[in-house]
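Here is the structure we will look at, set down as structure tokens.
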Amino acid sequence: MSQGKFSNPRPHREEEREIEKAYRDLTRKKAHKTYEHKVTAQDIARAAQPLPTEETVPDVPMPNAAAPREAFPTEEAFPELFPAPDAAPSAEAEDRQIEEAFRQVTGRPVKPKAKVGPSFDYLPEEPEFPQEEEKALRKPAGNRSWTDEVVEFCQQNSKLVLAALCAVSVMVIVCVVVLFARSAKDPYDERILSNVYIGDVNVGGMTKKEAVAALNEAIGSVYATEDMVIDLSGTELKITPKDSGASFDANGAVEEAYAYGRTGTQNERDEAYNASKTQPKNIAILPYLNLKTDNIRKFLTDKAGKPGNSLVQTTYGLEGPEPVLSADKCDINAPAQTLVITMGKPGIGFDPDAVYNQVLDAYSQRVFLVTVEDVKTLKEPDPIDLNQLYKEFYIAPTNAVMDAKTGKTTPGSYGYEFDQDAAQKLLEEAQPGDEVRIPMRYIEPEIADASSFFSDTLGEYQTRATGSDDRLTNLRIACEAINGRVLNPGEGLSFRDAVGQLSAFKSAADDLGLESTPGGGVTQVSSTLYCAALLSDLTILSRSNMSYLPSFIKEGFDSDIDLTIKNNLSYPVRISAKCSGGYVRVSIAGTEQRDYYLVLGSDVTKTIKAETEFRQYPYDNPEGIRHDDTIQEGRDGYQVKSYSVRYDRATDQKLSSDYIATSNYEPVKYIYAVVTQHETTPPTEPETTAPPESSTPPSEETESIPEFSEAPQDDSGVEPAA
């Protein structure tokens with residue numbers, strides 16, 4: 001079985017103390033047998049020898065510091081100063097020598113070694129020696145030196161000296177730790193040297209964390225968001241971050257900045273530190289940029305090799321929120337959109353390698369614009385067609401529309417356009433790549449909403465209403481049939497369809513009063529509507545005059561029930577018709593845009609004399625007709641041409657006269673009654689009476705036919721509306 005550290009037991013503890021005490025008395029120093037110095041017999045014997053004195057020390061000349069090496073004592077000249085080393089004894093022999101020295105000093109033999117277990121080395125406590133032994137060991141006072149006195153003081157005050165030694169040891173340990181910590185600590189307090197720049201960002205004097213934050217704040221995500229723009233004499237190419245893959249490694253750049261002055265030899269580090277006080281140190285950004293250089297080079301090669309790839313055509317579009325053009329929601333005071341035209345740029349040729357190097361330099365300087373001067377124009381962009389552009393963005397205004405049946409109004413809408421002349425001037429002054437901004441503008445509709453539909457009276461006419469109650473009733477029914485009717489632009493109205501079947505009306509005398517018919521008097525309403533439509537400038541699709549000239553309206557302006565009119569205006573109109581106060585009144589309302597007004601007139605171009613008829617009645621006729629009674633009023637026949645005359649609304653000056661129609665009226669016979677005389681006696685022979693050669697109708701006041709004038713008045717007994 002192999003022996004370990006504690007295979008040979010040490011002597012008894014008390015005996016060890018005595019041996020140590022003996023050695024200490026002889027050598028005036030403490031023995032550390034276990035770790036520092038093992039006491040040997042030679043030590044004890046050497047310690048027992050008396051200290052050298054002046055008499056015993058040989059007289060050896062000592063040279064000064066400047067003397068040559070040969071002047072120093074040598075072993076051959078002074079062998080007493082160079083004793084021969086003793087041969088190292090074995091461990092057992094050494095123990096025996098120590099025991100023998102112990103006996104010589106103490107007069108007592110060493111106790112046999114006890115077989116004890118292993119023990120740990122420690123510094124033994126100072127044994128208590130009898131004062132007699134201590135005195136016996138002391139040397140005579142005459143031979144003592146200052147070192148002996150120090151040793152004696154330490155022996156007398158061992159605890160105090162031990163405490164002082166411990167304090168000194170602690171101080172030494174602390175100093176060693178401090179020196180070690182100072183030697184291990186960063187010489188620049190973990191900060192980057194002064195005047196160190198990463199790109200254009202000064203990170204000098206910052207910690208790593210502060211430098212990374214400063215870079216992120218200055219550079220941020222600019223490489224991941226900014227396009228690299230290459231200006232080729234007006235034509236621009238763009239390399240997007242997706243294409244370039246550009247991203248910045250801030251941590252890597254900071255590590256290089258931090259390593260400045262901390263790497264290399266001590267001289268190199270010192271030189272970097274001294275230089276940082278006055279000279280800037282620039283750390284390039286490019287090595288820490290992640291760039292897809294192959295993509296960039298291919299992009300530039302393709303653009304340079306194919307001029308069409310660098311050609312930029314002219315583009316255009318509307319900028320800003322799209323407005324609501326509906327008249328009921330549109331805010332015409334709000335800003336309109338802007339037509340933005342970006343002028344095209346020609347296709348060009350260039351050196352892709354030179355531009356590639358410029359692009360890399362720009363990335364390294366955090367610049368995202370590269371201007372290339374040496375380029376050639378190879379292809380021009382297509383010219384812009386302003387007229388076609390205007391048609392593309394033009395929106396025509398629309399007027400409001402009212403449903404004629406429901407009366408519901410659909411609002412109009414504003415139009416949209418831009419000034420073509422102004423746009424043309426801007427385009428002529430623009431350079432390739434310039435942005436031309438043309439403001440859009442609103443076009444107001446003529447009729448925006450229902451409130452503007454019927455604000456003006458376009459035309460109105462009235463005729464006197466006379467006759468029986470049934471005839472007046474028919475007039476009111478016919479007026480109600482057309483009252484409130486709305487005609488949208490392009491919409492027509494048939495009077496016959498509006499009033500319906502005449503059988504639904506009452507029987508009344510016709511317009512001549514000759515006989516009673518269903519719907520007698522209805523044509524007076526259609527004739528009044530006809531005149532109102534003429535004054536409103538509506539289109540007359542169909543109209544026929546009556547066979548005989550009626551008495552309620554001016555010649556040439558009557559109409560039968562087959563009247564059809566149409567709204568040829570750009571806005572709706574509304575018809576109002578009413579029979580009251582002895583008149584039939586028809587008016588048409590809308591939005592007046594004319595700068596003139598109309599006056600109706602007519603001219604009789606031919607007169608046909610009426611014939612006279614004498615109708616015989618018996619003396620005792622049931623009608624009670626008497627001789628010379630007028631059975632029927634006669635009227636001449638006429639041919640009449642009707643006109644409308646335009647007058648300036650501001651000055652009342654005549655502008656023009658427009659033909660309307662030609663109306664032909666048949667004559668009406670004058671019929672008089674001839675009653676035979678009552679016979680008292682029957683005649684023997686019939687009495688023959690020859691008819692008069694000529695007869696004259698009863699005198700009556702005939703209606704005068706006015707001649708047409710520039711501003712004719714209605715003199716037919718019918719009062720026109722004001």
Side-chain angles (χ1 to χ4, degrees), residues 167-230 238-297 356-371:
V168 172
S169 300
V170 170
M171 292 178 64
V172 171
I173 293 173
V174 170
C175 292
V176 171
V177 170
V178 170
L179 291 175
F180 178 79
R182 291 190 63 182
S183 62
K185 188 178 179 181
D186 185 78
Y188 308 127
D189 195 22
E190 297 184 355
R191 293 183 177 274
I192 299 171
L193 293 181
S194 301
N195 288 328
V196 177
Y197 289 80
I198 300 178
D200 58 353
V201 180
N202 186 357
V203 296
M206 297 183 183
T207 63
K208 291 182 181 180
K209 185 176 181 180
E210 292 172 345
V212 171
L215 285 177
N216 289 333
E217 181 179 358
I219 299 176
S221 60
V222 63
Y223 284 103
T225 57
E226 287 289 333
D227 294 337
M228 176 60 71
V229 179
I230 304 172
K238 290 185 179 180
I239 304 176
T240 65
K242 182 179 179 181
D243 295 333
S244 66
S247 63
F248 179 58
D249 181 11
N251 292 319
V254 169
E255 287 295 337
E256 181 179 346
Y258 187 81
Y260 177 62
R262 290 178 170 85
T263 57
T265 64
Q266 186 62 46
N267 289 336
E268 292 173 344
R269 294 196 296 268
D270 292 342
E271 289 178 0
Y273 173 75
N274 293 329
S276 67
K277 296 179 181 179
T278 57
Q279 302 175 6
K281 171 65 176 178
N282 293 313
I283 306 298
I285 289 180
L286 188 61
Y288 301 98
L289 282 179
N290 299 318
L291 292 175
K292 298 178 181 178
T293 54
D294 292 341
N295 289 2
I296 298 174
R297 188 180 292 279
Y356 173 78
N357 293 330
Q358 287 184 260
V359 169
L360 294 186
D361 290 342
Y363 273 124
S364 66
Q365 299 175 29
R366 210 165 80 242
V367 176
F368 296 90
L369 175 62
V370 173
T371 301

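These numbers come from the heavy atoms of this one structure, side chains and all, not from hydrogens, waters or symmetry mates.
- With sequence neighbours left out, T293 forms a side chain to side chain donor-acceptor pair (under 3.5 Å) with no residue at all.
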Side-chain donor-acceptor distances from residues 270-284 under 3.5 Å, at least two apart:
{"residue": "D270", "atom": "OD1", "partner": "Q266", "partner atom": "NE2", "Å": "2.9"}
{"residue": "N274", "atom": "ND2", "partner": "D270", "partner atom": "O", "Å": "3.2"}
{"residue": "S276", "atom": "OG", "partner": "Y273", "partner atom": "O", "Å": "2.6"}

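- Partners of D227 by side-chain contact (heavy atoms from CB on, under 4.5 Å), not counting sequence neighbours, listed by chain and number: K238, T240, P241.
- Listed by chain and residue number, nothing satisfies the ring pair (Phe, Tyr, Trp, His ring centres under 6.0 Å) test with Y356 (two or more places apart in sequence, or in another chain).
- Nearest heavy atom pair, residue L289 against residue Y363, reads CD1-O, 3.7 Å.
- Evaluation of the side chain to side chain donor-acceptor pair (under 3.5 Å) rule for Y260 yields no partner, not counting sequence neighbours.
- At least one side-chain heavy atom of I239 sits less than 4.5 Å from a side-chain heavy atom of I230.
- Shown here are the side chain to side chain donor-acceptor pair (under 3.5 Å) partners of T263, two or more places apart in sequence or in another chain: there are none.
- Among L369, T371, V367, the single residue meeting the side chain to side chain contact (heavy atoms under 4.5 Å, CB included) criterion with V229 is L369.
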- Task: Evaluate the criterion side chain to side chain donor-acceptor pair (under 3.5 Å) for residue pair Y288 and E256; output intermediate values, then yes/no.
- Result: CA-CA 10 Å; Y288 301 98; E256 181 179 346; 2.3 Å; yes
In residues 197-221, what donor-acceptor pairs under 3.5 Å come from side-chain atoms, sequence neighbours left out?
{"residue": "D200", "atom": "OD1", "partner": "R366", "partner atom": "NH1", "Å": "2.7"}
{"residue": "N202", "atom": "OD1", "partner": "G204", "partner atom": "N", "Å": "3.0"}
{"residue": "T207", "atom": "OG1", "partner": "E210", "partner atom": "N", "Å": "3.2"}
{"residue": "K208", "atom": "NZ", "partner": "E255", "partner atom": "OE1", "Å": "3.3"}
{"residue": "K208", "atom": "NZ", "partner": "E255", "partner atom": "OE2", "Å": "3.3"}
{"residue": "E210", "atom": "OE1", "partner": "R191", "partner atom": "NH1", "Å": "3.2"}
{"residue": "E210", "atom": "OE1", "partner": "T207", "partner atom": "N", "Å": "3.1"}
{"residue": "N216", "atom": "ND2", "partner": "V212", "partner atom": "O", "Å": "3.2"}

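- Closest approach of L286 to L360, counting heavy atoms only: CD1-O, 4.0 Å.
- Aromatic pair Y223/F368: centroids less than 6.0 angstrom apart.
- Under the rule for a side chain to side chain donor-acceptor pair (under 3.5 Å), D249 has no partner lying at least two apart in sequence or in another chain.
- The list of salt bridge (Lys or Arg N to Asp or Glu O under 4.0 Å) pairs with a residue in residues 259-269, not counting sequence neighbours, reads D186-R262.
- Among residue pairs with one or both ends in residues 283-294, none qualify as salt bridge (Lys or Arg N to Asp or Glu O under 4.0 Å); sequence neighbours excluded.
- In this structure, L193 and G261 approach most closely via the heavy-atom pair CD1-CA, 3.8 Å.
- Here the OG-CG distance, from S244 to L291, works out to 6.0 Å after rounding to the nearest 0.5 Å.
- The minimum heavy-atom distance linking M228 with V370 is given by the pair SD-CG2, 3.9 Å.
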